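See structure below.
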Number of protein chains: 2
Amino acid sequence: MIRRRRRVTIADVAEVANVSAMTVSRVINNKDAIKPETRQRVMKVIDELDYAPNHIARSLTGSRSYTIGVIVVDIANPFFAEITAGIETVAWQHHYNVILCNTQEDPRRERQVMRMLEAKQVDGVIVCSTRLADDDLPRLLEMFPACLLFNRETTAKDANVVMLADAAGIVRLVEHLEAGGRRRLGMIAGGSRSHSAQARLDGFRSATNGDDALIEHIETAHIHTGFRAAQTLLARQPDLDGLVCHNDLAAVGAMQACMTHGKSVPGDIAVVGCDDIPLASLISPKLTTLRVDRRVLGELIARNLFAHIDGEQPTRRQVIRHQLVIRDSAP
Amino acid sequence: MIRRRRRVTIADVAEVANVSAMTVSRVINNKDAIKPETRQRVMKVIDELDYAPNHIARSLTGSRSYTIGVIVVDIANPFFAEITAGIETVAWQHHYNVILCNTQEDPRRERQVMRMLEAKQVDGVIVCSTRLADDDLPRLLEMFPACLLFNRETTAKDANVVMLADAAGIVRLVEHLEAGGRRRLGMIAGGSRSHSAQARLDGFRSATNGDDALIEHIETAHIHTGFRAAQTLLARQPDLDGLVCHNDLAAVGAMQACMTHGKSVPGDIAVVGCDDIPLASLISPKLTTLRVDRRVLGELIARNLFAHIDGEQPTRRQVIRHQLVIRDSAP
DNA sequence: TTGAAAGCGTTACCAA
DNA sequence: TTGGTAACGCTTTCAA
């Protein structure tokens with residue numbers, strides 16, 4: 001059972017300072033005009049009693065809770081952890097706290113979490129890579145005074161959206177490969193249910209007038225799946241001289257497959273990945289890839305939300321481009 | 001400016017259902033006895049109006065806020081991200097939310113964050129690797145109905161503690177090396193200000209009756225610092241046949257140095273790390289190291305806190321041992 | 001089994 | 001420049 005020590009209240013301060021609670025309230029909120037003398041006296045008592053306003057009571061009066069909700073599919077995924085770090089930084093600058101909710105890719109849980117956040121009167125939510133159906137989204141999002149969706153479009157009213165330019169990023173990779181003289185490019189594409197996998201594949205197709213024989217799909221992109229996909233692809237198309245991979249892990253596997261196949265990287269074939277995970281610069285040859293500064297991305301997302309909360313006209317839709325990181329695997 | 005849509009209140013439900021607010025309250029809390037007929041009617045109205053209790057108002061009445069605070073030095077660090085994932089899982093099972101606070105190793109910010117959390121009436125806090133001074137800790141922690149410290153001891157009353165058995169883990173590594181016939185062991189030790197570095201060093205010393213000539217210090221443990229430290233150590237002690245490294249990154253660098261030095265791993269010299277980062281099983285030879293399941297650790301931490309919150313007698317001090325992961329670098 | 005009234009700590013509104 | 005009163009939405013307490 002919880003036992004909370006009695007807190008000093010505004011009434012305590014008022015009594016000791018010989019003023020009304022209202023006056024104390026005005027002092028701590030810097031509102032209205034207060035006689036400097038009175039203010040001094042109240043401040044002194046606040047200090048002596050170590051008074052701090054009760055945020056719960058404040059929230060109840062209706063204005064703000066100074067809390068936002070952040071919903072992610074998996075906080076243990078460094079991608080979201082870094083975004084969350086950026087969000088938290090900006091939130092704190094705005095004197096806000098973050099309620100972090102991990103949904104583990106479960107849409108049911110996502111729904112419950114949203115209702116809970118609304119019941120706790122958060123001033124806004126940030127939803128990263130939601131798994132909710134398009135139809136459910138508007139009704140849920142519209143419960144909140146402000147909301148922002150990362151990597152998902154929606155018809156919800158007043159929802160802002162921040163998207164990663166996955167397709168454009170892949171196009172740049174392809175252009176880089178072609179500028180390096182590569183003529184026959186293949187792709188190892190990611191899972192069919194993933195939004196970003198679809199976008200990356202679209203980018204590849206549009207940049208290459210994609211021949212489907214040059215594309216190999218893997219459901220989960222990992223080193224060994226990348227390895228096998230590259231083997232299949234090379235068996236089918238021995239003259240490939242460039243390989244675009246859904247992500248860095250797959251690219252690492254693909255490079256191993258190339259070498260097993262007797263092809264040198266980048267001599268005979270160039271390999272590129274996507275995400276710039278730490279491993280990308282630790283292996284040999286170092287991987288050419290796409291990067292987005294995830295902490296900065298989180299900060300940008302949060303700033304967008306707070307613009308909304310603060311009543312400024314926020315950017316409705318923001319698209320963030322990757323940065324091309326050129327290393328040894330495709331110089 | 002925030003505009004919050006008017007919520008359905010308990011009074012609305014009461015009016016439509018033709019009962020008092022109290023009856024509605026009893027229904028949603030399953031408290032006291034209610035005539036089944038009345039309960040049915042109230043439930044129906046709740047459903048129709050889509051009523052959900054306002055948690056802020058609930059918290060104000062004094063019992064619980066159903067929110068805990070989690071304070072970490074850096075959520076972008078996968079170590080803490082995974083622990084946080086574990087904590088969040090258990091919190092949600094208890095119908096709790098987590099306010100996540102990132103302190104970026106700044107003790108001042110940590111203090112502010114704690115005051116804020118107290119003002120928001122959290123029912124408990126979990127503080128991971130605090131940078132606060134021993135003297136500040138008790139006063140701050142005692143503001144909360146329940147608190148738990150990870151990897152830090154304290155004299156604060158009613159504070160529970162979960163510690164990682166860093167020293168014991170290193171002892172096990174040393175024993176493993178000695179069982180494998182290694183006779184002359186060196187160590188690459190970590191930063192002087194780090195709690196865990198100190199503990200790991202202590203473990204090494206106690207297990208080897210440590211000769212300081214066999215120990216090399218690095219301020220930040222990374223691949224290149226590990227490389228250089230190993231070089232220095234090998235130059236000084238060419239007959240080393242075992243090397244214990246503060247963490248996996250340093251171990252990776254150390255292995256490279258060994259090979260550069262013409263020593264094969266594990267043939268001529270065994271190398272072990274600590275932490276089991278993803279890279280550890282990706283490089284060759286695969287690294288023998290220490291692991292602790294960080295998600296499970298987070299769950300354990302949270303369960304300890306909730307035991308306290310729920311008034312059970314929680315374990316005052318819990319020590320978590322690493323698991324020895326034997327791979328190729330020290331079979 | 002149900003209800004009325006008081007209170008949680010704060011702020012909005014109106015009055016002095 | 002200050003204070004009284006009434007909310008905010010709920011639960012506790014006491015009474016019926």
Side-chain angles (χ1 to χ4, degrees), chain A residues 1-43 45-46 49-67 118-121 123 145, chain B residues 1-43 45-46 49-67 118-121 123 145:
Chain A
M1 218 62 298
I2 289 183
R3 235 176 301 156
R4 215 180 283 278
R5 48 181 55 202
R6 185 185 181 289
R7 295 183 99 244
V8 177
T9 73
I10 205 171
D12 298 329
V13 176
E15 189 183 331
V16 175
N18 241 310
V19 292
S20 74
M22 263 320 294
T23 304
V24 179
S25 173
R26 280 190 266 254
V27 168
I28 55 186
N29 292 301
N30 276 320
K31 249 184 165 180
D32 304 341
I34 294 268
K35 210 201 292 179
E37 194 183 301
T38 315
R39 141 167 274 111
Q40 291 265 322
R41 186 153 38 99
V42 172
M43 294 282 262
V45 175
I46 286 176
L49 300 187
D50 196 25
Y51 165 75
N54 181 331
H55 260 270
I56 294 289
R58 269 193 175 167
S59 303
L60 189 57
T61 51
S63 55
R64 298 182 169 204
S65 65
Y66 286 93
T67 307
E118 196 271 337
K120 288 199 176 167
Q121 302 272 72
D123 299 339
Chain B
M1 220 64 295
I2 291 182
R3 234 174 303 154
R4 214 179 286 275
R5 48 181 54 201
R6 185 185 181 289
R7 296 181 100 246
V8 176
T9 73
I10 203 171
D12 298 330
V13 176
E15 190 183 332
V16 176
N18 242 311
V19 293
S20 75
M22 256 325 291
T23 304
V24 179
S25 173
R26 280 190 266 253
V27 168
I28 55 186
N29 292 302
N30 275 321
K31 249 185 166 181
D32 303 343
I34 294 266
K35 208 201 296 179
E37 192 185 301
T38 315
R39 140 168 275 113
Q40 289 266 325
R41 187 152 37 97
V42 171
M43 294 282 260
V45 175
I46 286 177
L49 301 188
D50 196 26
Y51 166 75
N54 181 330
H55 260 270
I56 295 289
R58 268 193 175 167
S59 304
L60 190 57
T61 50
S63 54
R64 297 181 170 206
S65 65
Y66 285 94
T67 307
E118 196 272 336
K120 290 199 175 167
Q121 302 271 72
D123 299 338

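Every value quoted in this text rests on a predicted model; they were computed, and no experiment measured them. Chain naming here is simple, since letters A, B, ... match the order of the sequence lines and numbering starts at 1 in each.
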*asked:* Does either side chain, that of B:Thr67 or that of B:Lys120, offer a donor lying less than 3.5 Å from an acceptor on the other one?
replied: no

Report, one line per pair, each donor and acceptor closer than 3.5 Å where one atom sits in a side chain of residues 33-42 of chain A; sequence neighbours left out.
from, atom 1, to, atom 2, distance (Å)
A:Arg39, NH2, A:Asn30, OD1, 2.7
A:Arg41, NH1, A:Ala17, O, 2.4

Just the rounded figure in Å: distance from [atom2] of [N] to [atom1] of [X].
X        : N      : atom1 : atom2 : value
A:Ile56  : C:dT10 : CD1   : P     : 12 Å
B:Ile34  : C:dG3  : CD1   : C1'   : 11 Å
A:Tyr51  : C:dG9  : OH    : C1'   : 7 Å
A:Arg4   : C:dG9  : CZ    : P     : 11 Å
A:Lys35  : D:dG3  : NZ    : C1'   : 14 Å
A:Arg64  : C:dA12 : CZ    : P     : 12 Å
A:Asn30  : C:dT11 : CG    : P     : 12 Å
A:Lys120 : D:dG9  : NZ    : C1'   : 16 Å

Nearest atoms (heavy-atom pairs only) where [X] meets [Y]:
X        : Y       : value
B:Arg4   : A:Arg64 : NH2-CA, 4.4 Å
B:Gln121 : B:Ser65 : O-OG, 2.7 Å
A:Ile56  : B:Ser59 : CG2-CB, 3.8 Å
B:Ala21  : B:Ala14 : N-CB, 3.6 Å
A:Asp123 : A:Tyr66 : OD2-N, 3.0 Å

Should [X] be listed as having a side-chain N or O under 4.0 Å from OP1 or OP2 of [N]?
X       : N      : result
A:Thr38 : D:dT2  : yes
B:Arg58 : D:dT11 : yes
A:Asn54 : C:dC8  : no

_Walk me through whether A:Val8 and A:Val13 qualify under side-chain contact (heavy atoms from CB on, under 4.5 Å)._
CA-CA 8 Å; A:Val8 177; A:Val13 176; 4.3 Å; yes

_pair B:Arg26-B:Val19: side-chain heavy atoms closer than 4.5 Å_ = no

*Between residues 17-28 of chain B and DNA chain C, which residues have a heavy-atom gap below 4.0 Å?*
B:Val19, B:Ser20, B:Met22, B:Thr23, B:Arg26

*Check DNA chain C against residues 5-16 of chain B and give the residues with a non-hydrogen atom under 4.0 Å, in numerical order.*
none

*Between B:Leu60 and B:Lys31, which has a closest nucleotide on DNA chain D that is more 5'?*
B:Leu60

